[in-house]
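The structure appears right after this line, and notes come after that.
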Amino acid sequence: MLGMDPDADEPSEADVVDAVGELVNMVGGNVKSLVPGPSQLSLPLVATGQFAHGSDQHEIVHLDFVWGDEPVSLTVHSGSPAVTSPAVSKVTR
């Protein structure tokens, strides 16, 4: 995805955040196409550690899973009935 040489150093944290954000954007777009319109989707938010969302948002879906050896938390928030904002946070322990 990053077009890096397999023998190169590990990708930077910024590269990983960009890649995860793009994956979330693609998944969100596919999910949005399944939801009856009209609907809007914000840009994804990617956070490492804890993430504080806006006080006007409420959680719609939450999923915890392990990708490789890393725990991942996927949460979808809604700020209003028409706007859904996916947020992905990588939680390290």
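Worth knowing before you read on, the calculation uses all heavy atoms, side chains too, and leaves out hydrogens, waters and symmetry mates.
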Taking Leu63 as the starting point, is it possible to reach Val66 by hopping between hydrophobic residues whose side chains are less than 4.5 Å apart?
no
Could you grab the distance from atom CG of Leu23 to atom CG of Asp18, nearest 0.5 Å is fine?
11.0 Å
Restricting to non-hydrogen atoms, name the atom on Pro11 and the atom on Val16 that form the minimum distance, rounded to 0.1 Å.
CG-CG2, 4.0 Å
